[in-house]
Amino acid sequence: MATSETEIKAEKPLDFIRQIIRDDLASGKHKTPVTRFPPEPNGFLHIGHAKSICLNFGIALENNASCNLRFDDTNPSKEETEYVESIKNDVKWLGYDWGDNLFFSSDYFDNLYDYAVELIRMGKAYVCCLDAEEMREYRGTLTEAGKESPYRNRSVEENIDLFNRMKNGELAEGSHVLRAKIDMASPNLNMRDPVIYRIMKVDHHRTGSKWCIYPMYDYTHCISDALENITHSLCTLEFEDHRPLYDWFLDVLKTPAHPRQIEFARLNLSYTVMSKRKLMQLVSENLVSGWDDPRMLTISGLRRRGYTPASIRNFCDEIGIGKRESWIDMGVLENSIRNDLNEIAPRVMGVLDPLKVIITNYPEEQTEEIEGKNHPQKPEMGTRKLPFTREIYVERSDFMEEPPKKFFRLGPGREVRLRYAYFITCTDFVKDETTGEITEIHCTYDPETYGGNAPDGRKVKGTIHWVSAVHGVPARIHLYDRLFNIENPDADKDVNFKEHLNPDSLTTLTHSVVEPSLAGSAPGTRVQFERQGYFCVDKDSTDESLIFNRTVGLRDSWKKKK
RNA sequence: UGGGGCGUAGCCAAGCGGUUAAGGCACUGGGUUUUGAUCCCAGCAUUCGGAGGUUCGAAUCCUCCCGCCCCAGCCA
């Protein structure tokens with residue numbers, strides 16, 4: 001087992017980042033890699049973050065190295081402790097461990113301040129009094145160089161004094177910023193004297209009221225990486241233009257280490273949105289039930305939906321790491337959870353939309369205990385007893401009054417197998433003439449077919465699932481479909497993404513009946529309802545009121561054909 | 001029309017001057033099956049955005065062209 005796994009890993013080609021790391025190790029540039037996952041605590045983690053988490057922690061694991069969890073908390077106006085806890089929880093749930101390496105950018109506020117003073121002393125930074133509007137004008141455009149700020153050549157002393165007064169809260173928000181002195185004519189806008197500190201008279205979730213100036217991302221991130229001795233700082237493509245700035249700070253400040261920033265493409269999934277802002281909007285406008293709504297592609301949503309950590313890790317592994325902006329089909333994610341659940345989920349029977357069947361030749365008071373396999377390919381998963389009675393429920397969709405030829409289920413005069421039980425033949429049905437609804441069907445069973453085989457060798461094409469009407473346990477079932485009804489809800493800039501919300505993304509079934517072995521199932525329990533799909537007991541489920549969430553349906557080639 | 005990136009099948013993605021251009025998803029056909037599931041087997045790019053060039057040999061190197069993405073927050 002261990003051998004075959006390592007063989008598989010050895011065969012799998014390395015992505016370009018792992019190749020770089022392998023080369024850096026081979027050349028002796030680094031003894032061991034150190035990575036980091038740097039979320040901003042301003043929202044919940046989603047499947048896109050999982051890609052980054054699996055990359056960074058995965059590299060650490062493969063190299064027996066460490067990956068730091070660092071909260072990038074430089075903007076106290078947007079960040080909250082609540083998110084810190086949810087993020088830690090989600091990373092842990094995904095199966096990763098940062099050990100003692102839990103950090104916050106705010107841990108480095110003192111260092112960052114000292115480095116800023118050093119920049120000023122070197123004549124590489126200055127306090128600028130341009131307001132936001134003016135600064136934009138001075139910055140120039142994509143095709144025209146910017147103009148130098150009139151404050152660009154203040155003396156070191158004046159800059160030190162002003163920066164000090166910024167820090168001491170003597171100056172108003174927006175009135176002054178500290179800027180790096182680089183090159184207003186650079187074709188890279190990030191190099192046109194970027195702001196490195198701004199005044200924000202806001203309490204910080206960790207440092208309280210200690211600071212009223214806060215450092216900007218570009219300045220903070222590279223130095224934080226250097227202070228933590230990160231070797232490879234992995235981020236998404238939009239930061240490619242920031243790399244020269246990343247390197248500039250570290251070169252000028254001569255930090256003890258100079259990590260290498262490498263950019264990779266972020267994950268895009270069809271039929272969903274991935275930006276934290278939009279997810280936040282869905283939550284705050286109650287378009288979903290919360291961050292953990294099972295339709296949300298947040299880690300907590302996927303967890304509640306029934307996804308396993310392994311399935312998410314496999315998914316991330318499968319989609320690979322590259323620099324092309326790609327769109328992954330939702331089916332790939334669904335496939336990864338099916339693959340995992342197919343192996344581990346016990347099979348059970350549950351009738352989502354019940355239709356009563358009366359087996360007219362079965363004794364009224366009789367109950368038989370029929371044995372069902374918990375997994376047809378894995379006898380080690382054991383068996384369970386299924387009570388069989390004269391009245392049972394079957395799936396409404398398993399009966400048709402006028403079935404087409406290829407319909408291998410119940411219809412007038414047709415014979416099917418009840419899974420693990422008997423062959424039954426439909427003899428009659430009752431229909432509500434006003435609504436046209438079939439209210440019950442009558443069948444006879446063949447006592448010779450106990451267990452599901454006919455001694456005379458006769459075959460049936462269909463096997464359907466069932467639950468005893470007297471022993472069945474009522475349940476509420478949530479069926480989920482994609483949250484949006486078009487592949488890319490963000491594509492059209494003129495149409496709000498919310499216009500594309502799928503009105504049928506949630507279907508609640510309140511009259512479902514499941515087999516009695518499921519009574520009292522604990523939240524988080526995952527099963528396969530045979531012929532239906534994989535389901536997970538919802539966190540709000542109780543012994544009195546069972547709730548199942550459909551994680552994903554089974555592949556259905558019959559539905560496809562229709 | 002500045003700068004930085006990216007183009008291999010319907011969707012991902014290997015490939016790193018000499019291979020029949022990996023693999024997965026999807027799709028199609030067949031087999032097994034007491035889940036129309038799973039599993040198994042087979043098929044699925046004479047061609048790598050386009051055009052030239054270098055070379056005995058190019059998806060891989062060079063040139064030009066085309067297309068797409070990102071950048072003008074005191075957000076990250």
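Only heavy atoms go into these numbers, but all of them, side chains included; no hydrogens, no water, no symmetry mates. Throughout, protein chains are lettered first and strands after them, A, B, ... in sequence-line order, and every chain is numbered starting at 1.
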Selected nucleotide, minimal atom distance to A/P13 side chain, candidates B/rG15, B/rA72, B/rU35: B/rG15

Contacts of A/K78 that satisfy side chain to side chain donor-acceptor pair (under 3.5 Å) - sequence neighbours left out: none

Pairs touching residues 183-204 of chain A that satisfy ring pair (Phe, Tyr, Trp, His ring centres under 6.0 Å), sequence neighbours left out: A/F109-A/H204, A/F163-A/Y197, A/Y197-A/Y219, A/H204-A/Y214

Distance between C1' atoms of B/rG73 and B/rA14 (Å, rounded): 39 Å

Proximal nucleotide (of B/rG36, B/rG2, B/rU35) relative to the A/D556 side chain: B/rG36

A/R152: salt bridge (charged side-chain N to carboxylate O under 4.0 Å, His left out) partners, not counting sequence neighbours: A/E148, A/D193

Within residues 44-53 of chain A, residues whose heavy atoms come under 4.0 Å of RNA chain B: none

Presence of A/T74 side-chain N/O under 4.0 Å of B/rA76 phosphate oxygens OP1/OP2: yes

Stacked pair A/Y217-B/rA76, distance under 5.5 Å, angle under 30°: no

Strand-adjacent residues in residues 313-327 of chain A, judged by heavy atoms under 4.0 Å from RNA chain B: A/E318, A/I319, A/I321, A/K323, A/R324, A/E325, A/S326, A/W327

Tabulate protein N/O versus nucleotide N/O from nucleotides 28-32 of chain B, keeping only pairs under 3.5 Å, one per line.
none

Atom-pair distance (OH on A/Y214; P on B/rA76), nearest Å: 12 Å

A/D72: which of A/S105, A/S106, A/S224 passes side-chain hydrogen bond (donor to acceptor under 3.5 Å, both in side chains): A/S105

Pairs satisfying salt bridge (charged side-chain N to carboxylate O under 4.0 Å, His left out), at least one member in residues 450-468 of chain A, at least two apart: A/E415-A/R458, A/D446-A/R458, A/D456-A/R458

Under 4.0 angstrom between A/R198 side-chain N/O and B/rC75 OP1 or OP2: yes

Residue-phosphate contact under 4.0 Å: A/R347 side-chain N/O, B/rA37 OP1/OP2: no

Close residues, residues 233-245 of chain A, relative to RNA chain B [heavy-atom separation under 4.0 Å]: A/E238, A/F239, A/E240, A/D241, A/H242

Residues forming a side chain to side chain donor-acceptor pair (under 3.5 Å) with A/R266, sequence neighbours excluded: A/E238

N or O in side chain of A/R266 less than 4.0 angstrom from B/rC69 OP1/OP2: no

Residue list, side-chain contact (heavy atoms from CB on, under 4.5 Å) with A/K373, at least two apart or on another chain: A/Y420

Phosphate-side-chain proximity, A/T463 and B/rG36, N/O vs OP1/OP2 below 4.0 Å: no

Enumerate all atom pairs, one protein N or O and one N or O from nucleotides 41-44 of chain B, separated by less than 3.5 Å.
none

RNA chain B contacts made by residues 162-181 of chain A, counting heavy atoms under 4.0 Å: A/G174, A/V177

